[in-house]
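These figures come from a predicted structure and were not determined experimentally.
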Amino acid sequence: MASLVSSPFTLPSLKQDQLSSLAQKHYFLHSFRPKKSTNQTTTTSKYSIQCAAVGNGLFTQTTQEVRRIVPENKDNLPTVKIVYVVLEAQYQSSLTAAVQSLNKTSKFASFEVVGYLVEELRDKDAYKTFCEDLEDANIFIGSLIFVEELALKVKAAVEKERDRLDAVLVFPSMPEVMRLNKLGSFSMSQLGQSKSPFFQLFKKKQGAGFADSMLKLVRTLPKVLKYLPSDKAQDARLYILSLQFWLGGSPDNLQNFLKMISGSYVPALKSQKIEYSDPVLFLDVGIWHPLAPCMYDDVKEYLNWYDTRKDANEKLKSPDAPVIGLVLQRSHIVTGDEGHYVAVIMELEARGAKVIPIFAGGLDFSGPVEKLLIDPVTKKSMVNSVISLTGFALVGGPARQDHPRAIEALTKLDVPYLVALPLVFQTTEEWLNSTLGLHPIQVALQVALPELDGGMEPIVFSGRDPRTGKSHALHKRVEQLCTRAIRWGELKRKSKAEKKLAITVFSFPPDKGNVGTAAYLNVFSSIYSVLKDLKRDGYNVEGLPETSEALIEEVIHDKEAQFSSPNLNVAYKMGVREYQSLTPYATALEENWGKPPGNLNSDGESLLVYGKQYGNIFIGVQPTFGYEGDPMRLLFSKSASPHHGFAAYYSFVEKIFKADAVLHFGTHGSLEFMPGKQVGMSDACYPDSLIGNIPNVYYYAANNPSEATIAKRRSYANTISYLTPPAENAGLYKGLKQLSELISSYQSLKDTGRGQQIVSSIISTAKQCNLDKDVDLPEEGEEISAKERDLVVGKVYAKIMEIESRLLPCGLHVIGEPPSALEAIATLVNIAALNRPEDEISSLPSILAETVGREIEDIYRGSDKGILKDVELLRQITEASRGAVTSFVERTTNQKGQVVDVKDKLSSILGFGINEPWVQYLSSTKFYRADRTKLRTIFEFLGECLKLIVADNELGSLKQALEGKYVEPGPGGDPIRNPKVLPTGKNIHALDPQAIPTTAAMQSAKVVVDRLIERQKADNGGKYPETVALVLWGTDNIKTYGESLAQVLWMIGVRPVADTFGRVNRVEIVSLEELGRPRIDVVVNCSGVFRDLFINQMNLLDRAVKMVAELDEPAEQNYVRKHALEQAETLGIGVREAATRIFSNASGSYSSNINLAVENSSWNDEKQLQDMYLSRKSFAFDCDAPGAGMAENRKVFEMALSTADATFQNLDSSEISLTDVSHYFDSDPTNLVQNLRKDGKKPSAYIADTTTANAQVRTLAETVRLDARTKLLNPKWYEGMMSSGYEGVREIEKRLTNTVGWSATSGQVDNWVYEEANNTFIKDEEMLNRLMSTNPNSFRKLVQTFLEANGRGYWETSEQNIEMLKELYSQVEDKIEGIDR
C-alpha cells in the first residue's frame, strides 16, 4: 500500500529560510505525517489550510544564488563571467564542479558563474537580477528554452547585450532564442532563412527532429564545413564542438568547453593559447546500468553481462523473472545526476525483476525502443512493461512531438507503457506543499503530451534538492511505481484461467434503483456481454447466470430491497480490526467520519462489501461519496475524505480478493474525484491510496475526454472508450405532428380562400402545444395580411423543424454491440452537415444550396427569422441530405442491415460515376445539378466514417489491456465534429492543453459572441450587457478546441497569439475601433475538471482580464475597467486584485454540490443552494501567484456577479443537453445573481447551441422547452429508454430531477412541462404500470420528484393530481417493502 498517509500535510512551523534546510536532511514523504496528539485539537489542521506556495507565489521558489560562484581570485587573474539559463537543473552540479576545479587549477583566468532555471525568470526580482548579471557577463549559455513567454524574456535581455558579449551559445531551444547564437563570425540570426545546408537543418518543421538534427550535424560536420569560408568554418566548428561538450555533460567535458570558448573569444585571454582536450563522446543510444562496466549498444551483450553478475541472486537470473524496460535521458547519466534512476533500478531488482535501462542523447526514443527492447529475430518484445523516467513524449521531448511515430514503435513493443515524472520545475518541498501538485508547464509537457502516445500513470518518482539541483528518489513513490509496473507486466505472464478481475459498478445517487449507473451505457447487459466473451476466452467465470436480467437479480439480490438494507448482496463482511490492519490510512478518515465502522456500508459491527463473485470475477458496487444527503456537509467549501466503507471496498479488492486488475465499468465513479493534489499525487492523496497497486482499466464514454483524463491522472487508469448510442432525429408527435400537416396544407392552399382559416387552426394548435412561449402568435380569429400570415407560419414551421431535426441518442449502448449501418444514418447526416476546410470537404447542405444559387449561411439566417420560403428550402435540403446518405448506406449493407465489406462495396460505388447511389437519389429532386466532384469527396469521407462507426473494438481492447498489451491511444470528443474519435476501444486522451484556442475556434467564438450580444441588446432596449457570467467546461473545450475559452477572450476584446510550435501562451489587445463595441466584463466559473486540465489557460485568461482592466480607456467603453475601479474603491484593494474574474473550486474539489442536494432532495430552500455555490465556487486563480493554487476570494466573486446582466453556457454536442446531466444546473448562477444585484433584477439567461452547423443563441427557458419536447415528452425518446428496461426507467426519472434542478437555480421551467410529464408518465395507466414493474425504486423517485416540484412551488396543478401522486407513493412504498394490500 502507498505507505503511511495523512490527510493534510503538517509541516513543522518553518520560516521561509528554514525550508531549504529541510531538504538537506533526508526527509521523505512519511516524515511529514501529522503527529498524533492526545488532544486532537485544531493545531494539526493549522498548516493544512496554508498549503499554498510560500514566498513569491510562483511554483519555482529556488533562486539563482544557489548557482552563483564568485572566485576569490587572489592572483588578480582576468575574470571570465558566465551566465547560463537551462530548463532542468541536471547541469547545475556538473557545471559547478567544472568551475570550482578550474578556479583551483587555472593559471590564466578565474571564472565567475551564475545559472538560472528558465522558470525562475517569471519572478520579477529574479528577472531583474538576470538582466543585471548580463551587463558585465562575457559568455551567455542557454539550453532547452521552449516556453514562449520565458523565451521572449530571455531574448529581450540577451539581445540588449549581444553585441557586447564575447560569445553567445544557445543549444536546442525555440528559434527566437537560437537566433541569438554568436561565436566570432558565426551567427544564427538568419536561422531558417538562409540557403546553406547548415541552416536547412533547422528549417524543417520538426521538433524531435530538431535536437536529433543537431546530433546528426555533429556527425556530418566535415561535409557541412566545406561549404563555409575558412574563418566561418573555424567558428562553426567550435560551435559544433561546444555542442558536443555540452551534450557530453560531464564535469571534464564542461571544463574543456569553458577553456575552449574563453580562450578563443574572451579578448583578455586570446594571446594565452589555452590548451583543451577534445570532447569525451558517449554513445548516442545504448543501455546503461549503474553496476555495469560500460555502456552497451547491443542488448545481447548487456544480457550476457547481466547473467554473469556476481551481486545478483538466482531469482534475478531465472528465465521466469519479469523484465521491465526503462527509458532514460542521457543528459542525467553523463552529468552524474542519476541518483533517481539508480533507485528505480535497485527497487525493481529488489522486487525480483530484471531491468533493461535504455537511453538516448536526442529527443527521439522510438528508434532505441525498437532497437533495444524488441528481439531482432522473433520481433517479440523482450520486456513485460516499460517505464519512461524522462517524463517526456517518446518522440520530441519538450519541442515538437511526432505521436504517430511513437504509437508505431509502442505498438510493435506491445506492452503497458508507463510515464513517470521527475520533478523539474519544483523542489520536493514546493511540490509537497502545493495543493495543485505539479507545475502547470510540467503538466502540459510531461503529462498531457505522453498521454497522446498512450502513456499512463503519471507518478512523481523523484524530487529535486533546492541547493544542488540534484534529483533524489522519493522512496515511497518509487516503491509504488515499481510495484505497479511489475503488476502490469504480470498480466502478460499469468494464464487467463488464474487471472482475477474485479469489475466495479457505480450507484449514484445511492438508491437500489441506481445500481449500475453509467453515462449512455446499459451496464448489466454490457457486463454480461463482457463476461460471456471472457469465459469463451478461457477466464474462470463460474456460475454466470443465463441472462443479464438474472445477473442484475443476483448482484442486487432483491431488487425491491432498499439500498440501505443489507439485502444488496453482501460479498464480504470486514471486521474493524481487519479493516484497520489492511488500510494503513484508516485513521486519517476519522477526522471526517469518526471511528470505524461508521454507518455507511456497515451493519454496525462490520464493514460490508456489496457484490457477487463468479469464479475469478468479482462484480462489486463502489460505495458513494457518503455526504450526498447531508446539507451541512454539502456546504463545506472543500471536499471531505472518503468514508470507511469506501476505503474498505478497495482494501478488499486488493488484499482479500487479490485482484490482478480492476475494471471500472462506465462513466463515472467517485474514486478519481476524491481529495488530493490535482496532478502528480503524493502518498497522502486519497485516489493514490485507494487504488494502491492494482492495475486499473476503466471503460469511459468516448465523448467525455476531460473526466477520462482525470481518471487517468488521479486513479492511474488505462481508459478505454465506448461509443455513445447512435443518434436519431427527434421527429414529431401528437400536436406537433398535426401542426406540420397543417403547415403543408397551408403551403399548397395559402393562395385560395382557405389560407386565413388554416392559419387560425395553426395558431390554436401551436398554443395547445405551448409554442406561444417561443413564437409571437396573434390572437385567434384576428384578421392578418397575407404577408403576416406567411411570417407567422414561417416562425412556427422553423420551430417545428428545429424540434424535428434535433439529434437524440436513443436507448443505451451495450459494449460489444456496435450500431447497425441504418442506426448510423443520423450520425452520418450530421457529420456531412459540417464544413471541413482543413480537409477540403464542403458540407452536403452547402453543396445542395449552391445548386439553387444560394449560400447555406443565408438560408440558415432566413429560416431563423421565419421567412417561409427559406424554412421550406432548408427542410428540402435536410430531407435531400438524409435521402442521399440513406441511399448510400443501403448500398453498403446486406438484408440484415449489417455493413458488409465496406471496402469492396465502396470501391465499386466510387468506381462508376453513373450509378453512384447519391447521384441517383438526387436526380429526382430539385438538386439534380449538384457538383459531382464535391459530392464524391464528401461521400468518400462518409464511407471512411461509416467503417469506423460500425467497427467493434471495445471488447478487443479490454482483452488487450487484461493481457498486459498496449492499447492504442485516441482522442476523446464528439464523433460528429471529430470522426478521429472512432473506432472506440482506444485509450482515450485529451489534447495538448497549450494548443487551444485554435484559430478556427476563435472564428466560431466571434459568431456566437456577436449573436449573444445582439440577442441581449434586442431583449434589453438596445443596451449592451456590462457583465456576462459564464461557465467553462473541460470536455466542451476539448471537443471544440477551445471555443468557449475563445468566447471569453473575444468578450473582453483580446486575441490569442500562438508561438512557433502552435502553443498559445499569450494574448494581444484588440483595439476598440476593430472591436466596434465596448469591452464586456466577465465572471468565469471554471469546472473543477477544466481547472485540472487547463490551468495554463486559466493563467492566460486571468492575465488577459487584468491587462484589459489596466488599459487607459473610457469606462463606458471598457466595462472590465469600470467595474474593477468601482470594486477596488469599495473593497480598498488594488485594481489588479479587483479585476479577479477567473474562479473555480478549491484544488481537489469538484462541483458546487447543488446537483447532489437536488438529486437527494436534501435542501431546504434556494438560499441554501446559493450558499453552496458561493462557498464552493469562490476560489480564484491569480496569474501573479500561480503557484498559490486556488485562493478563496468571495468578496470580489460576489461583487463581480452582482454586475452580471446575463448568464451564459454552451452546448456543444448532441448527446448531452441541459437536462441529461446535472452539471449544467449545478453551475448555473441565474437566481443567485438576481439576489446579489442591487436592483434585484433577474439577469437574462442564454445558452449557445453549436451542436449543428447553424449556431444558435437561445434563452435558457427556450432551451429547457426544446429539451423537454425532444426528450422527456417525446415517445421516440422514452420508448427508446424503456427498451433498455431497468436502466431506462432510471434515465427517465433523472431527466425529471434535472428539470427540477433548473427550476431551483434559474426558475426558467414552464408549468406545462411538469403538467405534460405528469400526463405522459402518471395519468397513462399502461405507462405507469410498466414503469412500476420495471424498476420500482426509480419509479418511486419519479413520483417523489413530482410531489417535490409541487411542494417547492415549481408546478401548480389540480388537487386531484396531487392526491393521486400521494396515493401512488404509498402504493409503491408498500410494494417495495413487500406488503401487498
(message) When you measure from the side chain of K658 to the backbone of K655, do you find a donor-acceptor pair of N or O atoms at a distance under 3.5 Å?
(response) yes
(request) Starting from the C-alpha separation in whole Å, work towards a yes-or-no answer on salt bridge (Lys or Arg N to Asp or Glu O under 4.0 Å) for E1293 and R1290. (result) CA-CA 5 Å; E1293 174 269 308; R1290 177 175 65 223; over 6 Å; no
(request) May I ask you to check whether F652 and F618 place their ring centers less than 6.0 Å from one another? (result) yes
(request) For the pair R713 (side chain) and E672 (backbone), establish whether a donor and an acceptor sit closer than 3.5 Å, ignoring hydrogens and angles. (result) no
(message) With heavy-atom distances below 4.5 Å as the criterion, would you say the side chains of E590 and H644 are in contact?
(response) yes
(request) Indicate yes or no for a side-chain donor-acceptor contact from K499 to the backbone of L962 under 3.5 Å, with no hydrogens or angles considered. (result) yes
(request) Without swapping roles, check the side chain of N540 against the backbone of E542 for a donor-acceptor pair under 3.5 Å. (result) yes
(message) Looking only at the side chains, is there a donor atom on one of Y1150 and E707 sitting less than 3.5 Å from an acceptor on the other?
(response) no
(message) Pairing donors with acceptors under 3.5 angstrom, does anything connect the side chains of N696 and S715?
(response) yes
(message) If we ignore hydrogens and angles and just use 3.5 Å, is the side chain of T719 paired with the main-chain N or O of I988 as donor and acceptor?
(response) yes
(message) Tell me whether the rings of H664 and F506 are parallel (<30°), tilted (30 to 60°) or perpendicular (>60°).
(response) parallel
(message) Please check: side-chain N/O of R714 versus main-chain N/O of G676, any donor-acceptor pairing under 3.5 Å?
(response) yes
(request) Can you establish whether the number of heavy atoms outside K492 located under 6.0 Å from its atom NZ is more than 12? (result) yes
(request) Answer yes or no: is there a donor N or O on one side and an acceptor on the other, between the side chain of N522 and the main chain of H813, under 3.5 Å? (result) no
(request) Would you sort out whether R477 and Q480 count as a side-chain hydrogen bond (donor to acceptor under 3.5 Å, both in side chains), showing the intermediate values? (result) CA-CA 5 Å; R477 307 275 70 209; Q480 187 175 20; 2.6 Å; yes
(request) Step through it carefully: locate the ring centre of H643, locate the ring centre of W593, and say whether they are under 6.0 Å apart. (result) yes
(message) Suppose we call two aromatic rings close when their centres sit under 6.0 Å apart. Are Y528 and F524 close by that rule?
(response) no
(request) Ignoring hydrogens and angles, tell me if any N or O in the side chain of R484 forms a donor-acceptor pair with the backbone of G692 under 3.5 Å. (result) yes
